Amino acid sequence: MTYKRKNNRKYDELRPMEAKVGVIKRADGSAMFKIGGTTAIAAVYGPRELYPGHLQNPQKGVLRCNYNMLAFSGSGDRVRPGPSRRSKEISLVTENALNPALILDKFDNSVIDVFIEMTNTDAGTRCAGITAASLALADAGIPMKDLVAAVSVGKIKDALVVDLDYDEDSYEEGVDLPVAMMVNSEKITLVQMDGLIKKEEVIQAIKNVKKALKKVHKVQVNALKEKYAK
Amino acid sequence: MSEILVKDKDVVIPGQTLATGMDYLPANGTLREEEKIISSQVGLVNLNGRLIKVIPLTGPYIPKKDDVVIGKVVDITLNGWRLDIGCAYHANISLRDGVEEFVERGSDLSQYYNYGDYVMAKITNISSSKLIDLTIKGHGLRKLTEGQVMKITPSKVPRVIGKQGSMISLIKEKTNTKILVGQNGWVWISGQDPEKEIKAMNAIKIVNEESQTDGLTDKIDKYLGGKNDIQKKKQ
């Protein structure tokens, strides 16, 4: 039983990607990342003062992410606006995925705010959000060890596929496994999983996703070079 | 074994490997990761002997001692003023660093610098807890009346000023305006003619956006009327 993907997409093929840096004029740094039917827009503000004071860290700057899905973004029902359990979780994992790459020791007691807005969603939103946020942070000039790229990998009917769309993501017995990585050093900063999968398959899935992330990274690099190396 | 992978003035992005091996040294904007030197910012490579540096093309202002900055008064305290200088921390001017004359205890400090006033000041000290002290005592430091303030990328301030002030004096001359550039990327412009003021602002905007292109001074010269070219032809 072989699984055939939409639009004859190969198992290791990503949806068409597009990235742009500097999309929001008033932000300190901003970026748009589009992968298939998913679009993330990230804006960075700061470093700026952090209040209330108990949130401050006297040793290094604090990264604060806010993930938000816009009401009209999905293909189905209207998404209820405002924070939810799900968006809080994604904000947290985004912070954790980006933090290892950033060098914030010069910004003690201050905060760097990242706002990620999903204008179109077709699965893989947290991955698109992380990819866009990393670009926006680079655009804001925050020192970092590496760019972070993210993409999901999954298992559908015995096939390990990369970059799931909404139909694949909601497939009943499927597995969805978003991965974020610092691409040059191949350090993984986010792995989540939903579904049942064998250990060997996870190892193979992560091998596959590393190749896919290199492609995402290329798009990131080109977007930054487009703005800065005219 | 050691090898440089980039050329001078290349645009690099965070995470890009600049050199391998231990023969080269990482300077500002770079860091060593095992045997490699990688860039930590979007910027231009600067090779200087064994030193590899990345000059940032974007980024926040990081205050340094002895920098002359432009700040905006945001608060008046019992013994001085608090200023926003465009970075993550506020700066303070104490009474004795702010005014020359004797100030009686309890008098109204807004008569010297009021909320929203812009001030050109020098950073005298930055404490370990990032308390920034400013002074107005010094050559050319003062309160900025009239004119307007614009903001540019702090790392591009040297480009706006130019070699020995060539760029800024060109803009000043051509538009007949007074311009002061703070190291924090805040620029104060004042002229008799508002149209010329706007022209000077636009010229600075061009320098800010196209800072890495060659022949920028000529371009600005042309934009501002290019009288120099005509004079050169006549000669």
Side-chain angles (χ1 to χ4, degrees), chain A residues 21-22 26-31 44-50 56 58-59 61-62 98 101-113 134-149 181-187 217-218 220-230, chain B residues 5-7 9-18 26 28-34 36-45 54-64 74 82 84-91 126-131 151 153-156 185 209-214:
Chain A
V21 172
R26 297 294 300 256
D28 293 319
S30 61
V44 174
Y45 297 87
R48 58 187 181 184
E49 276 180 289
L50 175 56
Q56 291 177 354
Q59 287 181 309
V62 174
L98 294 169
L102 299 175
I103 307 163
L104 300 176
D105 33 1
K106 268 188 194 159
F107 307 125
D108 48 278
N109 286 334
S110 61
V111 65
I112 293 158
D113 274 314
S134 181
L135 272 177
L137 285 162
D139 183 37
I142 310 297
M144 54 171 84
K145 290 177 199 156
D146 206 343
L147 288 170
V148 179
M181 183 171 80
M182 297 196 257
V183 181
N184 287 312
S185 50
E186 294 205 352
K187 282 177 186 155
H217 184 248
K218 233 176 225 169
Q220 284 181 309
V221 171
N222 289 341
L224 278 172
K225 292 227 158 148
E226 200 181 311
K227 183 177 173 191
Y228 288 103
K230 268 179 250 168
Chain B
L5 304 169
V6 286
K7 290 194 291 286
K9 286 189 178 169
D10 268 3
V11 174
V12 292
I13 54 142
Q16 189 173 341
T17 309
L18 306 178
N28 283 354
T30 64
L31 51 106
R32 185 181 289 290
E33 193 102 310
E34 288 152 23
K36 290 184 287 188
I37 292 176
I38 58 172
S39 168
S40 69
Q41 280 192 309
V42 182
L44 297 172
V45 177
V54 171
I55 301 160
L57 282 170
T58 164
Y61 171 63
I62 292 159
K64 277 192 289 294
V74 290
R82 244 152 62 89
D84 177 14
I85 57 166
C87 72
Y89 315 99
H90 277 132
I126 301 171
S127 75
S128 57
S129 54
K130 294 284 167 69
L131 285 169
K151 289 165 192 176
T153 314
S155 60
K156 288 176 181 173
E209 275 159 26
E210 303 175 18
S211 60
Q212 68 268 49
T213 48
D214 294 325

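What you see is a predicted model, and the numbers here were worked out from it, not measured in a lab. Every chain is numbered from 1 and lettered A, B, ... according to where its sequence line falls, protein lines coming before strand lines.
For A:A229, the parts sitting under 4.5 Å from any heavy atom of chain B are the backbone and the side chain alike. Contact annotation for B:P56: neither backbone nor side-chain heavy atoms come within less than 4.5 Å of a heavy atom of chain A. For B:E33, the part lying under 4.5 angstrom from a heavy atom of chain A is the side chain only. Interface residue B:S39: only backbone heavy atoms are found under 4.5 Å from chain A. Residue B:L44: no heavy atom, backbone or side chain, is found under 4.5 Å from chain A. When heavy atoms are compared at a cutoff of 4.5 Å, A:L147 approaches chain B by way of both its backbone and its side chain.
Using a 4.5 Å heavy-atom cutoff, the side chains of A:L137 and A:V148 are not in contact. A 4.5 Å side-chain heavy-atom check between A:L50 and A:N109 finds every atom pair outside the cut-off. The shortest distance between side-chain heavy atoms of A:Q220 and A:S134 falls below 4.5 Å. Side-chain atoms of B:D84 and B:H90, non-hydrogen and from C-beta on, do get closer than 4.5 Å to each other. Between B:L57 and B:K156 there is a side-chain heavy-atom pair separated by less than 4.5 Å.
Comparing A:A138, A:G141, A:S185 by how many heavy-atom pairs each has under 4.5 Å with chain B, the most go to A:G141. Between chain B and the residues A:D28, A:D146, A:D108, A:N184, the largest count of heavy-atom pairs under 4.5 Å involves A:D108.
The CD1 atom of A:I142 sits 11.5 Å away from atom NZ of A:K106, with the distance rounded to the nearest 0.5 Å.
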